There are 2 protein chains.
Amino acid sequence: MNKQSIKLSVDAVVFGYEEGIISVLLIKRKYEPFKGKWAIPGGFVLNDETLECAVERELQEETGIKINYLEQLYSFGDPERDPRGRIVSIAYFGLVRPNAFKIFASTDASEVEWFNIKELPELSFDHENILDLAIKRLQGKITYEPIGFELLDKKFPFSDLEKLYVTLLGRDIDRRNFRKKIISFNVLDELNEKVSKGSGRPANLFQFNKKRYFQLKKEGIIFEI
Amino acid sequence: MNKQSIKLSVDAVVFGYEEGIISVLLIKRKYEPFKGKWAIPGGFVLNDETLECAVERELQEETGIKINYLEQLYSFGDPERDPRGRIVSIAYFGLVRPNAFKIFASTDASEVEWFNIKELPELSFDHENILDLAIKRLQGKITYEPIGFELLDKKFPFSDLEKLYVTLLGRDIDRRNFRKKIISFNVLDELNEKVSKGSGRPANLFQFNKKRYFQLKKEGIIFEI
DNA sequence: TTCATATGCGTAATTTAAACACAAAAATAA
DNA sequence: TTATTTTTGTGTTTAAATTACGCATATGAA
């Protein structure tokens, strides 16, 4: 058999959210190809690490971030996708609470920045395709899995959750029906803490109960917006 | 940087359906490791072929089958998954009409056989995990994408479709409501042909209109059971 | 001719989702 | 101090979708 000369990399589309803005973490490439251009963080998989480890390592090295939620997105294998040769990339999709970490650039990255997904720069390789797919996945997934909480603070008022969904789904939601629906899934703990932002009645804080969610999931109860 | 020595393979879980039985195509391995054991068809990706081409080539070589529907399933990269060394496999998920092809074994396979997914043999590598995931994907996907038709004859009576769904979902369906729902999606052409199987009123034949489905999908209409 | 079997079409009951109204608690303005 | 604005919290009413179910029709078999 011919000797295979395919290299394997991982890439990670990391989303953050704050105040009605979904952002994605990009790095500016320090080396060729696409030197000086923005790209999704990622890099080659080491011989003895799992794919997830590779993603976490690359993110730590290039951006200093530690991921909150990570799942595999898709594998991209077009022979022409990388000018250096045949590089197949397994793309991941991650969520973080942006204010929880200080980002910094190092190794292959000369800069790291959060970009509003509505105002993206031109990207390297086929990273635009990867990012598009990740956005679709995020938008789809929040309607049937409670991953939105991974983007909010641990304790949050209901209005934050609602605003996140409005932003992600890109359409208005009836506040009262939304609240009823979420409450009915029984995965939120209501805390005895209130928070006041400016004027208006102070809001009660809620917390996502992941343990309870997994119990309900086992019993076949489905989270669906 | 250390020289990467990871090999890349593709594997395909191919499902067929006939008379209330979902089956999966397996090969018996001709060579070590796992010589003589059953496995999902697959093999190494060539340097200049796309991943989909690799899957189709391997299926053709090992089993003689041509796939009807193919989509990427998941990538498996555990460093310990293959005793030969680090081999990352990108798994695909395919559907065929089993009576449409004559299967035969060649190259790496000493035998090829359709197995009822309820009566599976022990499998090589981590192929049991891959197969489990594929079954879940199939069961999930038929409820929101009209892929079930890819398993039926081009022209089929409604009862065939219903039986397929009962088999895949593992629960009873109200025949009349099911029919109404499917009809309401407007993706079936009713033909002026009838077919009679044994006793009972002859059934009208239907045909899936893929073109119409893509039109409706563009308009945002969702197929959901 | 009658019976068993599977198809095809319809309506009623129930459940779920969507639309909508107003009270409560705080900051701000008069 | 009092009225006004703003945001939160809790309903109820109406429309839509789902589920349950009844019965006529066309065939093969007894």
Side-chain angles (χ1 to χ4, degrees), chain A residues 18-20 142-144 146 152-153 155-167 169-208 216 220-225, chain B residues 18-20 142-144 146 148-149 152-153 155-167 169-208 216 220-225:
Chain A
E18 231 166 354
E19 319 244 343
I142 51 154
T143 67
Y144 65 90
L152 299 176
D153 290 331
K155 301 173 180 184
F156 57 86
F158 229 100
S159 53
D160 275 14
L161 185 65
E162 188 204 329
K163 196 170 185 183
L164 171 65
Y165 271 82
V166 168
T167 306
L169 300 179
R171 60 178 164 82
D172 270 20
I173 293 176
D174 184 282
R175 181 171 56 88
R176 296 153 290 187
N177 293 335
F178 179 74
R179 188 184 178 111
K180 259 181 292 182
K181 197 166 213 170
I182 298 282
I183 295 281
S184 76
F185 293 126
N186 212 32
V187 294
L188 290 189
D189 293 331
E190 186 164 4
L191 306 173
N192 279 325
E193 292 177 62
K194 294 196 190 303
V195 69
S196 186
K197 332 186 230 220
S199 82
R201 179 174 173 171
N204 231 309
L205 290 177
F206 288 82
Q207 189 164 357
F208 177 56
L216 294 173
I221 282 121
I222 300 161
F223 177 92
E224 196 168 12
I225 304 299
Chain B
E18 231 167 351
E19 319 244 342
I142 51 155
T143 68
Y144 64 89
F149 304 107
L152 299 176
D153 289 332
K155 301 172 180 183
F156 56 87
F158 230 101
S159 53
D160 275 14
L161 185 64
E162 188 203 329
K163 197 171 185 183
L164 171 64
Y165 271 83
V166 168
T167 306
L169 300 178
R171 60 179 164 83
D172 270 21
I173 293 176
D174 184 281
R175 181 171 55 86
R176 295 151 291 187
N177 292 335
F178 179 75
R179 187 184 179 111
K180 260 181 291 181
K181 197 164 213 173
I182 299 282
I183 295 280
S184 75
F185 293 125
N186 211 34
V187 294
L188 290 189
D189 293 331
E190 187 164 5
L191 306 172
N192 279 326
E193 291 178 62
K194 293 196 191 302
V195 69
S196 187
K197 340 185 225 216
S199 81
R201 179 174 174 170
N204 232 308
L205 290 178
F206 289 82
Q207 190 163 356
F208 178 57
L216 294 173
I221 282 121
I222 300 161
F223 177 91
E224 196 167 13
I225 304 298

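Naming convention: chains lettered A, B, ... in sequence-line order (proteins, then strands); numbering from 1 in each chain. Predicted model, so just to flag it, every value in this text is computed and none were measured.
Side chain of B/Y165 to main chain of B/I142: a donor-acceptor pair is present (N/O by atom type, distance under 3.5 Å, no hydrogens or angles).
If A/D174 and A/K197 are placed on DNA chain D by their nearest nucleotide, the residue sitting closer to the 5' end is A/K197. Sequence order on DNA chain C of the closest nucleotides to B/G200 and A/G198 puts B/G200 first from the 5' end. Heavy-atom nearest nucleotides on DNA chain C were determined for B/K180 and for A/K194, and the one closer to the 5' end corresponds to B/K180.
For A/S159 and D/dT8, the shortest distance from a side-chain N or O to OP1 or OP2 is below 4.0 Å. Remark: A/R179 is in phosphate contact with D/dT10, judged by side-chain N or O atoms under 4.0 Å from OP1 or OP2.
Between A/F206 and A/F158, the ring planes lie perpendicular to each other; the angle is over 60°, past the 30° to 60° tilted range. By the 30° and 60° cut-offs, the orientation of the rings of B/F149 relative to B/F208 is parallel.
Evaluation of atom-type donor-acceptor distances gives a pair under 3.5 Å for the side chain of A/R176 against the base of C/dA21. A donor-acceptor contact under 3.5 Å is not formed by the side chain of B/K163 with the base of C/dT7. No donor-acceptor contact under 3.5 Å links the side chain of A/R201 to the base of D/dT7.
Between the C1' atom of D/dA20 and the CD1 atom of B/I173 lies a distance of 15 Å, rounded to the nearest Å. As a whole-Å value, the separation of B/N204 CG from C/dC9 P is 8 Å. In this entry the distance linking NZ of B/K181 with C1' of D/dT18 reads 7 Å, nearest Å. Rounding to whole angstrom units, CD of residue A/E162 and P of D/dG9 are separated by 11 Å. Following rounding to the nearest Å, B/F206 (CZ) and C/dG8 (C1') show an atom-to-atom distance of 9 Å. In this entry the distance linking CG of B/N177 with P of C/dC9 reads 15 Å, nearest Å. For the pair B/L161 CG and C/dT7 P, the interatomic distance rounds to 12 Å; values are reported in whole Å. One atom, CD1 of A/I182, and another, P of D/dT8, lie 15 Å apart when rounded to the nearest Å.
Between B/L216 and B/F185, every side-chain heavy-atom pair lies at or beyond the 4.5 Å cut-off.
With salt bridges taken as basic N to acidic carboxylate O contacts below 4.0 Å, none links A/K155 and A/D153.
With D/dA26, C/dA27, C/dG8 as the candidates, the nucleotide lying closest to the side chain of A/S199 is C/dA27. Taking only side-chain atoms of B/R175, from C-beta outward, the nucleotide of C/dC20, C/dA26, C/dT7 with the closest atom is C/dT7.
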